Amino acid sequence: LFRSLSQAKQVAARDRRDWKQRKWFDLYFKADEAYDALDRFQSLYPSPSAPGWDTPEWQRETHELMRIMRTVHRIAVVFPRNAVVQALFDATAVFKNMDEATSKERLEKIFDAVEGIRQKALIDTSVLD
């Protein structure tokens, strides 16, 4: 009986670690998508004076970028507050002024936040053996 209980606790602990890692990976996947979306937006519209700024196509691109940012926020907001999640919010919650979407510094901040999340999402190497 003691052996069964011990094994059950080990299985439960492993399942909990796996679940936590999957949640971090889900957030990483969406945060990386947000980085890619901003990178794409910046390649299309490198500055507010770029051709096509404030056109119907720009508006569609802006709406898509904001949709992706809201999606990553929906996932991140359910995580307990910690430095990694806060860095993501700090990097992605500034797009009320769309000029900010052209900032290379903003893109770098999002990249750094994604890297922090990636570190949390890393797969336990024992599963690869």
Side-chain angles (χ1 to χ4, degrees):
L1 181 64
F2 179 74
R3 186 179 186 103
S4 295
L5 181 58
S6 177
Q7 285 179 331
K9 286 181 180 180
Q10 287 175 351
V11 168
R14 184 198 67 218
D15 288 350
R16 180 170 167 70
R17 279 191 314 273
D18 291 348
W19 178 84
K20 286 169 57 177
Q21 188 273 326
R22 281 193 308 272
K23 295 300 138 196
W24 278 110
F25 182 81
D26 292 346
L27 180 57
Y28 166 71
F29 186 77
K30 283 300 179 183
D32 191 55
E33 185 179 336
Y35 172 83
D36 288 345
L38 183 58
D39 188 42
R40 179 180 185 280
F41 184 87
Q42 287 186 0
S43 71
L44 295 171
Y45 306 101
S47 75
S49 61
W53 189 270
D54 210 18
T55 63
E57 183 60 30
W58 174 87
Q59 289 177 350
R60 281 189 291 281
E61 293 289 342
T62 300
H63 290 265
E64 180 61 13
L65 178 63
M66 293 303 100
R67 185 191 65 74
I68 292 168
M69 294 299 171
R70 284 190 301 272
T71 299
V72 76
H73 287 181
R74 274 194 301 275
I75 295 170
V77 77
V78 299
F79 278 71
R81 288 289 178 164
N82 61 53
V84 172
V85 172
Q86 190 60 50
L88 178 65
F89 281 126
D90 292 347
T92 58
V94 298
F95 293 107
K96 288 182 182 179
N97 176 358
M98 283 309 294
D99 292 0
E100 191 65 32
T102 65
S103 167
K104 293 297 182 186
E105 290 172 356
R106 178 65 43 206
L107 186 63
E108 187 175 321
K109 286 180 181 182
I110 293 175
F111 179 83
D112 291 343
V114 170
E115 177 58 22
I117 294 166
R118 188 188 73 81
Q119 292 296 322
K120 293 281 196 177
L122 289 174
I123 296 172
D124 180 359
T125 57
S126 67
V127 301
L128 301 174
D129 294 334

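In this chain, numbering begins with 1 at the start of the sequence shown. Values in this document were obtained by computation on a predicted structure and should not be read as measured data.
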Give a yes or no on whether [X] atom [atom1] has more than 12 heavy-atom contacts from other residues, nucleotides or ligands under 6.0 Å away.
X: Glu105; atom1: CD; result: no
X: Phe29; atom1: CZ; result: no
X: Phe79; atom1: CZ; result: yes

If we only count heavy atoms from C-beta on, is the [X] to [Y] side-chain gap below 4.5 Å?
X: Glu115; Y: Tyr35; value: no
X: Arg40; Y: Glu61; value: yes
X: Asp36; Y: Asp32; value: yes
X: Asn82; Y: Val85; value: yes
X: Gln119; Y: Val84; value: no
X: Phe89; Y: Val77; value: yes
X: Met66; Y: Arg70; value: yes
X: Met69; Y: Leu38; value: yes

Next item on the list: In sequence, state the C-alpha distance, the side-chain angles, and the governing distance for Gln59 and Thr55, and then conclude on side-chain contact (heavy atoms from CB on, under 4.5 Å).
Entry: CA-CA 6 Å; Gln59 289 177 350; Thr55 63; over 6 Å; no
Gap between atom [atom2] of [Y] and atom [atom1] of [X] - 0.5 Å precision:
X: Phe25; Y: Ile117; atom1: CZ; atom2: CD1; value: 12.0 Å
X: Gln10; Y: Leu5; atom1: CD; atom2: CG; value: 10.5 Å
X: Met98; Y: Leu65; atom1: CE; atom2: CG; value: 5.5 Å

Check: Considering all heavy atoms of both residues, which atom of Leu88 and which atom of Ala31 are nearest to each other, and what is their separation?
Finding: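 In terms of heavy atoms, the two residues are closest at CD1-CB, 4.1 Å.
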Checklist line | For the student: nearest non-hydrogen atoms of Asp90 and Arg106, plus distance | finding: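 Looking at all heavy atoms of both residues, the shortest contact is O-NH1, 3.3 Å.
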Check: Is the closest side-chain donor-acceptor distance between Ser6 and Arg3 under 3.5 Å?
Finding: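 Not at all, the side chains of Ser6 and Arg3 share no donor-acceptor pair under 3.5 Å.
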Next item on the list: Check whether Ile75 and Trp19 end up in the same hydrophobic cluster, where Ile, Leu, Val, Met, Phe, Trp and Tyr are linked by side-chain heavy atoms less than 4.5 Å apart.
Entry: no
Note to self: Using the rule that Ile, Leu, Val, Met, Phe, Trp and Tyr join whenever any side-chain heavy atoms are under 4.5 Å apart, tell me whether Trp24 and Ile123 fall into a single cluster.
What the structure shows: no
Note to self: Tell me whether the rings of Trp58 and Phe41 are parallel (<30°), tilted (30 to 60°) or perpendicular (>60°).
What the structure shows: tilted
Note to self: Check this for me, if you would: do Lys23 and Asp26 make a salt bridge, where the nitrogen-to-carboxylate-oxygen distance has to be below 4.0 angstrom?
What the structure shows: yes
Next item on the list: Could you walk me through whether Ile68 and Val72 pass the side-chain contact (heavy atoms from CB on, under 4.5 Å) test, one step at a time?
Entry: CA-CA 6 Å; Ile68 292 168; Val72 76; 5.9 Å; no
